[in-house]
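Values reported hereafter were calculated over all heavy atoms of this structure, with side chains retained and with hydrogens, waters and symmetry mates removed.
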Amino acid sequence: MPAPTNKLKQRFQAGDTTFGCWLCFAEAATTEVMGTAGFDWLVIDSEHSPNDLRSIRDQLIALQASPSPSVVRVPVGEPWIIKQMLDVGAQSILVPMVESGEQAELMVRACTYPPNGIRGVGATSTRSSRFSTIEDYMQTADDQIALILQVESRAGLSALDDILAVDGVDCVFIGPADLAADMGHPGNPGHPEVHGAIVETLGKIAASGKVPGILSLSEEMAESYVAAGARFVAVAIDVITLSKAAQATAKRWIKQT
């Protein structure tokens, strides 16, 4: 039996434009609820959310019955962290703050078994192989891993051509908030200078044959990014969605004094 088919990677290869949501509660219960919402994919975030290996594992389990494929964003691009995430069952990995072709190559190797990579060989006892019930896991796992790299700084933009030249990178994702701050416009990813850089970069990514990605909670901005070529688009964050819905309900029913 081979490794499970990565449905998100299939959609990347099909050329689909997909829309997803960031998960930041670090709780399996809320993740399970979000798995019923109908998003094309869900990102379990461990860069800016209080996740650890066990909470990520539990959320992957909670999403197993969901039609929305899961992505795990690691806190930093370290091979040992990626190894652990893959072993607990992640098939799509998002790495923040990639700034060189060499770093991109290392991330590909971290997701790949020897002799072509450096992923630790220990799947026999892990969730990724369904605890050795997927007999051909090691022979087939590499083809089902999707690697998404975030470019979110001026250094990353300068190294974009080198990053795009790396085989094994499926998607390059622009981090608009970090990029805006690095360009001198903190808190303002819609600044014309930042927006122009993002649109140009999305076009370059698309021209390379890799999937361009972006996050925007603004419908207008998200539509402009799609028009520029974005095909992996985050349009919601669970914490913000709950907060805004709760505020709107309270405003509707609670008399303001």
Side-chain angles (χ1 to χ4, degrees), residues 3-49 51 56 59-74 85-86 89-96 111 143-152 169-177 189 198-199 201-203 205-206 208-242 244-245:
T5 299
N6 186 330
K7 294 181 180 179
L8 177 60
K9 188 160 185 166
Q10 275 190 328
R11 297 199 67 180
F12 282 171
Q13 294 169 342
D16 294 344
T17 299
T18 62
F19 299 92
C21 177
W22 239 244
L23 304 180
C24 299
F25 279 115
E27 295 289 345
T30 53
T31 290
E32 187 175 24
V33 172
M34 295 304 293
T36 69
F39 287 104
D40 288 323
W41 44 266
L42 299 164
V43 171
I44 301 169
D45 180 43
S46 66
E47 184 186 15
H48 295 298
S49 301
N51 270 305
I56 290 169
Q59 288 172 84
L60 291 170
I61 293 170
L63 289 174
Q64 192 162 335
S66 170
S68 303
S70 58
V71 180
V72 173
R73 179 164 74 167
V74 295
M85 299 304 171
L86 294 175
Q91 286 190 295
S92 299
I93 298 291
L94 175 59
V95 181
C111 291
D143 291 337
Q144 300 304 327
I145 303 300
L147 178 60
I148 306 163
L149 303 183
Q150 280 192 249
V151 170
E152 46 192 339
V169 176
D170 296 281
C171 172
V172 175
F173 187 95
I174 306 303
I198 289 174
V199 167
T201 302
L202 290 171
I205 298 167
S208 77
K210 301 191 188 301
V211 176
I214 191 76
L215 181 151
S216 179
L217 302 185
S218 161
E219 184 174 337
E220 180 181 359
M221 294 296 288
E223 288 177 345
S224 74
Y225 295 145
V226 171
R231 293 200 289 113
F232 178 76
V233 187
V235 292
I237 299 173
D238 58 355
V239 173
I240 302 301
T241 298
L242 174 61
K244 287 189 173 181

Less than 4.5 Å apart, side chain to side chain, heavy atoms only: is that true for [X] and [Y]?
| X | Y | result |
| --- | --- | --- |
| Leu42 | Ser70 | no |
| His48 | Arg73 | yes |
| Val72 | Leu60 | yes |
| Ile174 | Tyr225 | no |

Between [X] (side chain only) and [Y] (backbone N and O only), is there a donor and an acceptor less than 3.5 Å apart?
| X | Y | value |
| --- | --- | --- |
| Asp238 | Cys24 | yes |
| Asn51 | Asp45 | yes |
| Ser68 | Asp40 | no |

[X] side, atom [atom1]; [Y] side, atom [atom2] - distance, nearest 0.5 Å:
| X | Y | atom1 | atom2 | result |
| --- | --- | --- | --- | --- |
| Leu149 | Lys210 | CG | NZ | 9.0 Å |
| Asp170 | Ile93 | CG | CD1 | 11.5 Å |
| Ile205 | Ile214 | CD1 | CD1 | 8.0 Å |
| Met85 | Ile44 | CE | CD1 | 9.5 Å |
| Leu215 | Glu152 | CG | CD | 11.0 Å |
| Leu8 | Asp16 | CG | CG | 10.0 Å |

> Stepwise, does the side chain to side chain contact (heavy atoms under 4.5 Å, CB included) test hold for Val235 with Phe39?
Replying inline: CA-CA 10 Å; Val235 292; Phe39 287 104; 4.3 Å; yes

> At their closest point, which heavy atom of Thr17 faces which heavy atom of Ala230, and how far apart are they?
Replying inline: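 In this case the closest contact between Thr17 and Ala230 is CG2-O, 3.8 Å.
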
> Between Trp41 and Trp22, how do the two ring planes meet: parallel, tilted or perpendicular, split at 30° and 60°?
Replying inline: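 Plane angle over 60°, so perpendicular.
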
